[in-house]
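Every heavy atom of this structure was used, including side-chain atoms; hydrogens, water molecules and symmetry mates were not.
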Amino acid sequence: MTKKLIFLPLLAVAVSVAAQDAGDTTDVFFQHLELNEVVVTGLTGETRLSHSPAPVSIISSRDLHSTAATNLIDAISRQPGVSQITTGSGISKPVIRGLGYNRIVTISDGVRQEGQQWGDEHGIEIDPEVVSSVEILKGPASLMYGSDAMAGVLLFHPARIAPLGTLQGSVSTGFQTNNGLFGYSLNMGGNHDGFVWNARWSQKLAHQFKNKADDYVAGSQFREQAFSTMLGLNKHWGYTHLTLGYYHLQPGIVEGEEEGSTSSTYAISLPFQHVYHYKAVWDNSLWIGDNRLKATIGYQQNQRREHEDDADQYNLYFRLHTLSYDVRYLVDNIGGWKLATGVGGMWQRSQNLGEEFLIPAYRLLDVGAFITAAHDLGPVHVEGGLRVDRRMLHSYALEDDGEERFTDFKRNFNGLSGSIGAVWQATPQLNVRLNVARGFRAPNMSELGSNGEHEGTIRYEQGNRDLKSEHSLQADLGLDFSSEHLSAQLTLFANRIGNYIYAVRDLSQETGEIAEEGLHFYRYAQGDARLLGFEAMVDVHPIHQLHFENTFSFVDAQQLHQPEETRYLPMTPAPRWISELKYELSHHTTFSSKRSAINLCNAYVALQMECNLAQNHYYMADNTETRTPAYVLWDLSAGTDLHWKRRHVASVYLTLENIFDRVCQNHLSRLKYLDYTTADGRTGISGMGRNFCIRVTVPLSM
């Protein structure tokens with residue numbers, strides 16, 4: 001198995017197949033974003049980024065591919081206002097402006113990605129290779145994707161359909177030295193007279209990561225494989241696409257009980273997990289004059305199996321079925337107004353199939369309806385909308401060894417969401433944005449009904465079935481400035497959340513069997529909170545080839561009317577400053593007179609500094625969190641497209657992360673709180689040390 005995985009990336013590097021004529025290659029990597037040309041889809045359907053009153057970040061395909069990362073969320077986590085809760089190098093959960101878990105809606109293949117996202121060590125079950133670009137919507141302004149989008153929406157867009165009459169694909173591979181990560185992906189798609197298809201297979205494996213303090217971290221190795229295919233028709237009347245997907249992740253579980261090892265292994269040792277995600281999506285779009293009717297139906301099955309003592313016997317085993325639907329009608333122009341209206345929801349059934357239990361089996365039904373409108377008033381663009389939701393939840397009783405583990409109960413939740421905002425083009429260089437939005441989120445089953453040991457988090461977790469729905473009111477004020485040699489953005493936000501739900505440690509309950517098992521006892525609490533913060537970006541480019549970009553993200557998250565030890569909300573990211581100096585070596589290709597010569601196109605080198613300031617605002621009670629000191633990391637990267645005989649034959653990206661091999665802990669790393677002490681007295685496990693990454697992509701066409 002391992003030998004095959006090593007051989008395939010090396011084979012992919014050796015492949016050199018001409019892709020397309022160099023004259024057709026679009027130079028998009030170094031173009032500055034023109035707000036009037038970039039189209040986003042997360043608010044009211046397709047609209048220009050310059051017309052978005054809510055803050056939206058765009059990550060292009062080249063940005064994704066040139067970023068060294070071990071998973072999809074890791075690849076986007078350096079965007080302003082975005083961070084990640086990590087469990088080693090294989091598992092990451094997104095955080096937007098200090099809010100995560102079920103407060104972020106993830107859209108992939110046109111449907112909400114529904115797995116076990118309530119868990120601390122439950123990542124996003126999406127193959128990074130299928131994602132072509134990403135929209136990050138910050139705040140509860142999106143009314144099209146359901147009530148849980150209080151923090152925002154992550155929209156993962158698939159690759160574009162192949163042009164009519166073409167057959168094209170790619171082979172890509174990557175390697176990282178720190179954790180020995182090998183990965184490869186094979187893709188092919190075509191378009192014959194409007195019959196379109198696409199298929200991709202990806203595989204990845206990594207041994208334990210290491211750092212100078214912990215050596216190799218036991219349990220941090222993982223394996224991943226994924227397959228997806230799409231069949232469809234693209235015609236003048238619209239399109240219909242059927243997408244099928246399979247994803248399998250096998251991560252180890254880092255417990256922190258073993259001392260670091262000086263050797264590494266790809267073999268997965270106990271305890272570990274198996275995570276399977278199956279997906280089928282039928283996506284349809286029909287033109288009705290200048291308007292569109294869109295209908296999407298999706299089925300997902302998520303399986304999470306946790307093995308503690310026996311590789312052939314699972315302890316925890318969750319199986320979640322999700323059937324989702326979304327129907328919307330998009331009106332392009334009616335009296336100068338752009339309208340979108342629709343209905344959507346989902347049905348879920350969760351089952352417990354293991355020998356141990358953490359959350360009860362349950363059934364869930366969601367229904368919702370929305371309407372949005374947008375209009376131009378001269379230099380001012382206004383838009384807003386409303387959404388109503390109803391969630392019906394039924395938890396099933398369970399007896400374990402003659403004792404009642406879970407009780408039978410039903411809860412219904414109703415919510416109203418809305419937003420209104422405007423963009424004023426004050427000058428050709430300056431846009432002013434203002435948006436006010438109300439969000440809603442019902443508590444999930446983990447928060448309501450959990451009662452059991454969770455090996456993956458080294459916790460005993462207890463829910464509270466009396467929890468109320470969260471509701472938020474957020475205001476955003478943004479300024480965008482762009483000139484020939486300077487681009488700048490500033491976004492201020494204030495968020496007031498009623499009935500905010502969070503998990504806290506309770507030392508008084510860590511007795512008896514819980515203490516004997518070495519578990520931490522966590523329960524769910526609720527209170528009123530307010531979050532204040534901002535994101536700032538300044539990009540100075542005195543000449544076209546040189547860029548000096550700086551971003552700063554800050555959020556202060558507090559509970560209202562609380563003493564010092566319980567004032568600050570848990571899992572709040574530290575203030576972060578990222579600075580990058582980039583020089584474009586060859587913005588335009590100059591071909592040699594020799595047709596056999598290899599030329600560089602879009603070549604660049606970049607030096608990046610990431611400074612995470614100290615997090616002194618943390619939830620102190622019962623050692624739920626501890627202070628995290630400041631640290632600085634330096635990265636060096638380079639990349640280029642390779643052209644041979646005027647054809648694009650490959651793209652190569654190189655990155656050296658953590659150049660000075662700094663030992664550090666991120667405040668949102670769960671490994672920081674493991675019961676493990678190094679020889680120098682440091683508690684918890686630190687992040688990855690120095691890491692050299694290489695990625696090669698070879699385009700194919702016939």
Side-chain angles (χ1 to χ4, degrees), residues 63 66-71 74-80 82-84 86-90 92 174-181 206-217 220 254 259-264 546-553 573-583 585 604-616 626-639 652-672 674 676-695:
D63 288 336
S66 63
T67 301
T70 56
N71 58 70
D74 191 22
I76 68 174
S77 62
R78 293 188 178 184
Q79 292 295 307
V82 181
S83 47
Q84 57 179 331
T86 60
T87 305
S89 59
S92 298
F175 176 70
Q176 299 184 15
T177 58
N178 186 285
N179 59 354
L181 187 150
H207 60 62
Q208 307 99 316
F209 74 86
K210 65 179 179 179
N211 57 61
K212 290 193 298 185
D214 308 307
D215 289 323
Y216 289 97
V217 177
S220 61
V254 182
E259 294 184 359
S261 171
T262 57
S263 61
S264 63
L546 183 65
H547 289 264
F548 183 48
E549 180 178 300
N550 292 267
T551 63
F552 192 87
S553 305
R576 186 182 64 187
W577 169 30
I578 295 180
S579 183
E580 181 181 71
L581 183 64
K582 177 185 287 184
Y583 185 75
L585 297 173
Y604 71 93
V605 292
L607 178 66
Q608 185 178 85
M609 181 274 295
E610 178 183 344
C611 175
N612 287 265
L613 302 183
Q615 182 53 288
N616 298 314
T626 58
R627 177 185 182 274
T628 303
Y631 62 90
V632 177
L633 301 178
W634 292 87
D635 299 341
L636 183 64
S637 61
V652 181
Y653 304 102
L654 308 173
T655 305
L656 179 59
E657 297 183 299
N658 195 357
I659 297 175
F660 302 108
D661 205 14
R662 176 72 184 272
V663 175
C664 58
Q665 293 176 328
N666 189 283
H667 189 70
L668 299 189
S669 170
R670 293 185 52 256
L671 304 186
K672 176 177 183 285
L674 295 180
Y676 173 73
T677 304
T678 62
D680 60 0
R682 181 189 297 266
T683 59
I685 291 176
S686 300
M688 186 181 292
R690 185 185 297 115
N691 186 29
F692 177 71
C693 315
I694 179 172
R695 177 184 173 90

- prompt: So how far is it from Ser579 OG to Phe548 CZ, rounded to the nearest 0.5 Å?
  reply: 3.5 Å
- request: For a side-chain contact (heavy atoms from CB on, under 4.5 Å) with Tyr676, tell me which candidate from Leu671, Ile685, Val254 qualifies.
  value: Ile685
field: Gap between atom CG of Leu656 and atom CD1 of Ile694 - 0.5 Å precision
entry: 12.5 Å
field: Aromatic ring pairing Tyr604/Tyr653, orientation class (parallel under 30°, perpendicular over 60°, tilted between)
entry: tilted
message: How close do Val82 and Arg576 get, counting heavy atoms only, and between which atoms?
response: O-NH2, 3.0 Å
field: Shortest non-hydrogen contact from Glu657 toward Asp635
entry: CA-OD1, 3.2 Å
Value rounded to 0.5 Å, distance of CG in Asn658 from CG in Asn691: 9.0 Å
- prompt: Are Trp634 and Arg662 side-chain neighbours, meaning at least one heavy-atom pair lies under 4.5 Å?
  reply: no
task: Could you tell me the separation between the CE atom of Met688 and the CG atom of Asn179, rounded to the nearest 0.5 Å?
output: 4.0 Å
Modelled atom types, side-chain donor and acceptor of Thr626 and Lys672, under 3.5 Å: yes
- prompt: Got Leu581 and Leu546 here, is their nearest side-chain heavy-atom distance under 4.5 Å?
  reply: yes
message: I need the Met609 CE to Ile659 CD1 distance, nearest 0.5 Å.
response: 12.0 Å
field: Leu585 side chain reached by Val605 side chain, heavy atoms, under 4.5 Å
entry: yes
query: Hey, is the main chain of Gly687 close enough, under 3.5 Å, to the side chain of Asn211 for a donor-acceptor pair?
result: yes
Minimum side-chain heavy-atom gap Glu610-Ile578 below 4.5 Å: yes
Donor-acceptor pair, side chain of Ser83 and main chain of Pro573, under 3.5 angstrom: no
query: So, for Gly684 and Asp214, which heavy atoms are closest and what is the spacing to 0.1 Å?
result: O-OD1, 4.2 Å
- line: Note: Ala69 and Gln176 closest approach over all heavy atoms is O-NE2, 3.0 Å
task: Considering non-hydrogen atoms only, spot the tightest contact between Thr683 and Gln665 and give its length.
output: O-NE2, 2.9 Å
statement: Distance col, row Leu668:CG vs Thr87:OG1, nearest 0.5 angstrom, shows 11.0 Å
message: Between Thr655 and Cys693 (side chain of the first, backbone of the second, donor and acceptor by atom type, cut-off under 3.5 Å), is there such a pair?
response: no
query: Backbone N or O of Arg690 within a donor-acceptor pair of the Asn178 side chain at under 3.5 Å?
result: yes
query: Are Val663 and Tyr631 side-chain neighbours, meaning at least one heavy-atom pair lies under 4.5 Å?
result: no
message: So does Phe692 get a backbone contact from the side chain of Thr177, meaning a donor-acceptor N/O pair under 3.5 Å?
response: yes
- prompt: What's the shortest heavy-atom distance between Asn71 and Gln84, and which atoms?
  reply: OD1-OE1, 4.5 Å
Intermediate values then yes/no, side-chain contact (heavy atoms from CB on, under 4.5 Å), Arg627 and Asn616: CA-CA 5 Å; Arg627 177 185 182 274; Asn616 298 314; 2.6 Å; yes
